[in-house]
Amino acid sequence: MRTVDIERTIPAHVSDVFEWLTDATNYRRISVVRRVTLVRPGDDHCHGSGAVRVVVTPLLRLTEEIVEYRPPTLMRYRITRSTPPLRHDEGFMAFRSVPEGTRVRWFSRFEVASPILAGVCTLAMVPVVAEGFQMTMDRAERELLGLR
């Protein structure tokens, strides 16, 4: 298993940052995201607990299920299906107010599920996932600051 663990401060209110980053339909405005589909809405909120969504990029197709949703502090998810196939141990976004805005921590632990070269493939996937997290937070920050 490999981990991507990114922390960043976004200069906006915690509830606004939480809402933007946990609503996967916003990801459509990121250049590498080809498609986002909400397959099943959550129990109490569209993107809340129980929600299932599919995110498609040129390198990844992920089906995620939201397993915990506590606005505006935590969203936990698991990848239930993917191409390439991944074993996903844990994923979450945690949010907290700081004087400069909102501190976001985006964490994911995974490995490529392959009978051969799984370690090499997983290692190659780490920077791809990290860059995806960074691009998403870049876009969120720009939009929350009104910079589009």
If you take all heavy atoms of [X] and [Y], which pair is closest and at what distance?
{"X": "V36", "Y": "A24", "result": "CG1-O, 3.4 Å"}
{"X": "V128", "Y": "A124", "result": "CG2-O, 3.8 Å"}
{"X": "P72", "Y": "S15", "result": "CB-CA, 3.9 Å"}
{"X": "A12", "Y": "V17", "result": "CB-CG2, 3.7 Å"}
{"X": "R76", "Y": "F92", "result": "NH1-CD2, 3.6 Å"}
{"X": "V14", "Y": "S97", "result": "CG1-OG, 3.4 Å"}

ILVMFWY cluster, [X] and [Y] together (side-chain gap under 4.5 Å):
{"X": "I10", "Y": "M135", "answer": "yes"}
{"X": "L123", "Y": "M125", "answer": "no"}
{"X": "I6", "Y": "V126", "answer": "yes"}

If you define the side chain from C-beta out and look only at heavy atoms, does anything of [X] sit under 4.5 Å from [Y]?
{"X": "L145", "Y": "P11", "answer": "yes"}
{"X": "C46", "Y": "L38", "answer": "yes"}
{"X": "V56", "Y": "V33", "answer": "no"}
{"X": "V4", "Y": "F133", "answer": "yes"}
{"X": "R29", "Y": "R139", "answer": "yes"}
{"X": "L74", "Y": "M93", "answer": "no"}
{"X": "R61", "Y": "S82", "answer": "no"}
{"X": "P84", "Y": "L60", "answer": "yes"}

Which residues satisfy the ring-ring contact (aromatic ring centres under 6.0 Å, His included) test with [X], sequence neighbours excluded?
{"X": "H13", "value": "none"}
{"X": "Y77", "value": "H88"}
{"X": "F110", "value": "none"}
{"X": "Y27", "value": "none"}

Rounded to the nearest 0.5 Å, what separation is found between the [atom1] atom of [X] and the [atom2] atom of [Y]?
{"X": "L59", "Y": "T83", "atom1": "CG", "atom2": "OG1", "answer": "12.0 Å"}
{"X": "N26", "Y": "L21", "atom1": "CG", "atom2": "CG", "answer": "8.0 Å"}
{"X": "W20", "Y": "T25", "atom1": "CH2", "atom2": "OG1", "answer": "9.0 Å"}
{"X": "I79", "Y": "E90", "atom1": "CD1", "atom2": "CD", "answer": "12.0 Å"}
{"X": "R53", "Y": "T22", "atom1": "CZ", "atom2": "OG1", "answer": "7.0 Å"}
{"X": "L86", "Y": "R109", "atom1": "CG", "atom2": "CZ", "answer": "14.0 Å"}

- Query: Is T37 reaching over with its side chain to a backbone N or O of V54, donor-acceptor style, under 3.5 angstrom?
  - Reply: no
- Message: Check whether T122 reaches the backbone of E111 with its side chain - one donor and one acceptor, N or O, closer than 3.5 Å.
- Response: no
- Candidate pair F18 and V104, rule side-chain contact (heavy atoms from CB on, under 4.5 Å), full reasoning: CA-CA 9 Å; F18 179 90; V104 179; over 6 Å; no
- Message: For residues 3-16, which residue pairs pass the salt bridge (charged side-chain N to carboxylate O under 4.0 Å, His left out) check, not counting sequence neighbours?
- Response: D5-R105, E7-R103, R8-D138, R8-E141
- Note on the structure: So salt bridge (charged side-chain N to carboxylate O under 4.0 Å, His left out) across residues 35-49, not counting sequence neighbours, yields R40-E65
- Message: Under the criterion side-chain contact (heavy atoms from CB on, under 4.5 Å), I'd like the reasoning laid out for V39 against T63: C-alpha separation, chi angles, the key distance, then a yes or no.
- Response: CA-CA 9 Å; V39 176; T63 301; 5.8 Å; no
- No-hydrogen, no-angle side-chain donor-acceptor test under 3.5 Å, H47 and Y69: no
- Task: May I have the step-by-step check of side-chain contact (heavy atoms from CB on, under 4.5 Å) for R96 and T73, ending in yes or no?
- Result: CA-CA 6 Å; R96 65 183 168 87; T73 59; over 6 Å; no
- Test log, rule side-chain contact (heavy atoms from CB on, under 4.5 Å), inputs R78 and D89: CA-CA 7 Å; R78 67 182 165 153; D89 180 75; over 6 Å; no
